[in-house]
Amino acid sequence: MSTYQKIVVGTDGSKSSLLAVERAGAIAAAFDATLIIGCAYYENNEDASKTLRQDSVTILGDETAQKNLAAGEEAAKSAGATKIEKAVRPGTPVEALMAIVNENNADLLVVGNRGINSLTGRLLGSVPADVARQSDCDVMIVHTVD
């Protein structure tokens with residue numbers, strides 16, 4: 001089995017998503033892998049002014065996404081990651097994460113478990129469940145909420 005070379009993790013700046021970033025950062029440090037921290041946003045200017053929550057990732061305007069990525073980078077560094085890249089993609093959290101994973105030929109995708117056990121998550125799908133179904137790489141779901 002080969003080691004992880006490229007690891008993708010999503011963040012929305014929330015405490016639970018930063019816990020997932022820390023875990024991904026520790027894994028990246030252990031494997032000397034590149035960690036790619038991703039965030040989703042709406043392209044439409046009208047939508048960008050609103051902050052909408054979908055499971056564990058908040059969909060925001062690009063400016064807020066950049067702030068969330070900066071917070072994610074600090075969390076990853078504190079966990080030992082040294083090779084860090086950041087990516088912002090338009091769309092839903094699932095669309096953005098899958099685009100980042102595919103564009104970078106990632107070996108591992110790390111997401112928090114927020115929303116996976118909620119009623120909405122069971123009825124409509126959650127980010128962790130949806131990316132696990134769609135991903136061609138390994139997916140780690142980090143326990144970030146009680």
Side-chain angles (χ1 to χ4, degrees), residues 1-43 47 50-62 64-146:
M1 182 173 151
S2 63
T3 62
Y4 295 120
Q5 298 298 310
K6 291 188 180 181
I7 300 169
V8 172
V9 62
T11 187
D12 64 357
S14 69
K15 183 178 177 182
S16 66
S17 75
L18 291 175
L19 290 172
V21 172
E22 287 175 7
R23 180 68 53 89
I27 295 167
F31 284 100
D32 193 31
T34 299
L35 179 64
I36 304 159
I37 305 169
C39 192
Y41 77 99
Y42 277 126
E43 285 184 287
D47 290 336
K50 301 175 187 175
T51 301
L52 303 173
R53 177 158 295 283
Q54 178 176 337
D55 295 323
S56 63
V57 180
T58 303
I59 304 170
L60 323 135
D62 185 43
T64 305
Q66 293 297 333
K67 290 178 185 175
N68 291 339
L69 289 174
E73 183 175 21
E74 288 304 311
K77 285 180 179 177
S78 73
T82 57
K83 300 176 186 174
I84 301 171
E85 297 176 9
K86 297 177 279 187
V88 177
R89 295 293 181 276
T92 68
V94 173
E95 291 168 343
L97 287 174
M98 295 315 305
I100 295 166
V101 164
N102 293 331
E103 289 166 13
N104 290 281
N105 294 316
D107 306 301
L108 176 66
L109 171 60
V110 179
V111 293
N113 70 331
R114 182 175 181 156
I116 204 165
N117 291 320
S118 69
L119 177 60
T120 302
R122 288 192 297 269
L123 294 175
L124 302 176
S126 67
V127 171
D130 289 349
V131 298
R133 279 191 294 272
Q134 293 181 31
S135 183
D136 290 331
C137 70
D138 291 351
V139 176
M140 173 183 254
I141 300 173
V142 177
H143 184 75
T144 59
V145 293
D146 293 327

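- A pairwise comparison of heavy atoms in Ala81 and Leu35 identifies CB-CD2, 4.3 Å as the closest pair.
- Residues meeting the side-chain contact (heavy atoms from CB on, under 4.5 Å) test with Ala87, sequence neighbours left out: Ile36, Arg89, Ile100.
- Gly112 approaches Ala20 most closely through the heavy-atom pair N-CB, 3.8 Å.
- Partners of Gln5 by side-chain contact (heavy atoms from CB on, under 4.5 Å), not counting sequence neighbours, listed by chain and number: Thr3, Asp107.
- Within 6.0 Å of CG in Asp136 there are 12 or fewer heavy atoms belonging to other residues, nucleotides or ligands.
- Proximity of a side-chain donor or acceptor of Asp12 to a complementary backbone N or O of Ser14 within less than 3.5 Å is detected.
- Of the inter-residue distances, the one linking Tyr4 atom OH with Thr34 atom OG1 reads 15.0 Å to the nearest 0.5 angstrom.
- Between Leu108 and Ile27, the closest side-chain pair of non-hydrogen atoms falls below 4.5 Å.
- Arg23 is linked by a side-chain hydrogen bond (donor to acceptor under 3.5 Å, both in side chains) to nothing, counting only residues two or more places apart in sequence or in another chain.
- Side-chain contact between Thr64 and Tyr41 is absent, with no heavy atoms from C-beta onward closer than 4.5 Å.
- Counting all heavy atoms, side chain and backbone alike, Val8 lies closest to Ala106 at CG2-CB, 3.6 Å.
- With rounding to the nearest 0.5 angstrom, the OG atom of Ser16 is 10.5 Å from the NE2 atom of His143.
- Annotation: side chain of Val111 is not in contact with side chain of Val9 (no heavy-atom distance under 4.5 Å).
- How far CG of Asn104 is from CD1 of Ile7: 12.0 Å, rounded to the nearest 0.5 Å.
- Counting all heavy atoms, side chain and backbone alike, Met98 lies closest to Ser135 at CE-CA, 3.4 Å.
- Val110 places a side-chain heavy atom less than 4.5 Å from the side chain of Val142.
- Note that the OG atom of Ser78 and the CG atom of Leu18 stand 9.0 Å from one another [nearest 0.5 Å].
- Residues passing the side-chain hydrogen bond (donor to acceptor under 3.5 Å, both in side chains) test with Glu22, sequence neighbours excluded: none.
- Under the salt bridge (charged side-chain N to carboxylate O under 4.0 Å, His left out) criterion, the residue pairs touching residues 73-85 are Asp32-Lys83, Glu73-Lys77, Glu73-Lys86, with sequence neighbours excluded.
- With a 4.5 Å cut-off on side-chain heavy atoms, Leu69 and Val88 count as touching.
- Across every non-hydrogen atom of Val21 and Gly72, the tightest pair is CG1-O, 3.2 Å.
- Residue Ala40 comes nearest to Ala96 through the heavy atom pair CB-CB, 3.5 Å, listed as atom of the first residue, atom of the second, then distance.
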side-chain contact (heavy atoms from CB on, under 4.5 Å) evaluation trace for Val94 with Gln134: CA-CA 9 Å; Val94 173; Gln134 293 181 31; 3.6 Å; yes
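- Partner of Val127 under the side-chain contact (heavy atoms from CB on, under 4.5 Å) criterion, out of Thr92, Ile141, Leu97: Leu97 alone.
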